There are 2 protein chains.
Amino acid sequence: MNNGRFSIALHILTLLDKANGELLSSEYLAGSININPAMVRKELINLRINGFVQSKEGKNGGSSLAISANEITLGAIYQSVKQISLLGSQKNTPNPKCPVGKNINEHLNDLYNDTELILIKQLNKQSLADFSSKFS
Amino acid sequence: MNNGRFSIALHILTLLDKANGELLSSEYLAGSININPAMVRKELINLRINGFVQSKEGKNGGSSLAISANEITLGAIYQSVKQISLLGSQKNTPNPKCPVGKNINEHLNDLYNDTELILIKQLNKQSLADFSSKFS
DNA sequence: TCATTCTGTAATTATTTTTATTACAGTACA
DNA sequence: TGTACTGTAATAAAAATAATTACAGAATGA
């Protein structure tokens, strides 16, 4: 991963888990994370798409977990926020006339994919519930 | 990892391995990678510090591997180029008044460190020689 | 019904990070 | 002593991230 989105997503989810079903507003969440509520709402879109949270509009609205914290692994969170590949951005345009340059992207991709699989497997060892339980 | 430096470093090292001891200039390396020679020279500084390459100044100068490609693991290359933590930048400044915010950085750091160890272990399974042998 | 308090979302701007460029001093060779 | 390199700094450009602002629309409840 290469963005603060994982941290933010995990922070949101941990707070929601701690809230035990009570709806938390994006402003409240933003207060704990110390970022802008609009950023929280943006990340909530993604968490909703991935089925982790549900939100209620309007007065007294807010968000809560949509499924049990036991069912949400850190690997799944990671996958929900990652967009570009793990070890480097793939905008390299090496020289196709060079035997190495011509093929390196293919080999780098293989390497990144293999490595990322291991990473996700490792993250999957821990659920949101496990992570959340570390907090008092 | 979250920068193109890994790709560049590995590309450089692969080219040097293929060159079989012959000195390659930063301009030649840059030509294969399709980046600026100054960028290559910058990355070479790091590779030198880490003992992977050696460079010779002056006319007919250039760089070559300083140790055998068998002794350079991809994990070691990864470690040489990484600067910030794996899963997210650590500039978060959560709200210390919140029980979750107060402690999340500590727990995130633990998680990142554990995960990164696994990642490096995985990358260490492959040496530069292994990687380089994939190219004709 | 209507003021209030939320979310949803788009548009814009600011900041930070990364990458690229330029330039030139110093070194080694022939 | 000219040429072809590296070393390195300074600067600029580009890209990625994050923050801000704004406002329409939804739900509540007085």
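Predicted, not measured: the structure shown is a model, and the values here were computed from it. Below, chain A is the first sequence line, B the second, and so on; all start at residue 1.
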Nucleotide [N], atom [atom2] - distance to [atom1] of [X] in whole Å:
| X | N | atom1 | atom2 | value |
| --- | --- | --- | --- | --- |
| A:Tyr28 | C:dT5 | OH | C1' | 18 Å |
| A:Ile45 | D:dA18 | CD1 | P | 16 Å |
| A:Glu43 | D:dA18 | CD | C1' | 12 Å |
| B:Met39 | C:dT22 | CE | C1' | 14 Å |
| B:Leu44 | D:dT8 | CG | C1' | 13 Å |
| B:Leu23 | C:dC29 | CG | P | 10 Å |
| B:Glu27 | D:dT3 | CD | C1' | 14 Å |
| A:Phe6 | D:dT17 | CZ | P | 16 Å |

ask   = Contact class for B:Ile35 (heavy atom, under 4.0 Å): base, sugar-phosphate, or nothing?
value = sugar-phosphate
Expected output: side-chain [X] to main-chain [Y] donor-acceptor under 3.5 Å:
| X | Y | value |
| --- | --- | --- |
| A:Ser80 | A:Ile77 | yes |
| B:Asn50 | B:Phe52 | no |
| B:Asp17 | B:Leu13 | no |

inquiry  = Five pairs per end, C1' atoms only: what is the angle between the end axes of the helix from C:dT1-D:dA30 to C:dA30-D:dT1, to 10 degrees?
reply    = 10°
Looking only at side-chain N and O atoms, does [X] come under 4.0 Å of OP1 or OP2 in [N]?
| X | N | value |
| --- | --- | --- |
| A:Arg48 | C:dG8 | yes |
| B:Arg41 | D:dT6 | yes |
| B:Ser25 | D:dC5 | no |

ask   = Heavy atom of residues 10-21 of chain A under 4.0 Å from DNA chain C: which residues?
value = none
task = Could you list by number each residue of residues 52-66 of chain B showing a heavy-atom separation from DNA chain C of less than 4.0 Å, or answer none if no residue does?
result = B:Lys56, B:Glu57, B:Gly58, B:Lys59, B:Asn60
Indicate whether the side chain of [X] and that of [Y] have a donor and an acceptor atom separated by less than 3.5 Å.
| X | Y | result |
| --- | --- | --- |
| B:Tyr78 | B:Glu116 | yes |
| A:Gln79 | A:Lys82 | no |
| A:Asn109 | A:Asn113 | no |
| A:Asp130 | A:Ser133 | no |
| A:Gln126 | A:Lys134 | yes |

[X] vs [Y] side-chain heavy atoms within contact, under 4.5 Å:
| X | Y | value |
| --- | --- | --- |
| B:Phe131 | A:Leu108 | yes |
| B:Ile120 | B:Asn124 | yes |
| B:Leu10 | B:Leu128 | yes |

Nearest-neighbour nucleotide for the A:Lys42 side chain, C:dT7, C:dA11, D:dT8 considered = C:dA11
key: Minimum-distance nucleotide (side-chain atoms of B:Asn36 versus C:dT21, D:dA18, D:dC5)   = C:dT21
message = Counting neighbours of CZ on A:Phe135 that are heavy atoms of other residues, nucleotides or ligands and sit closer than 6.0 Å, is the number greater than 12?
response = yes
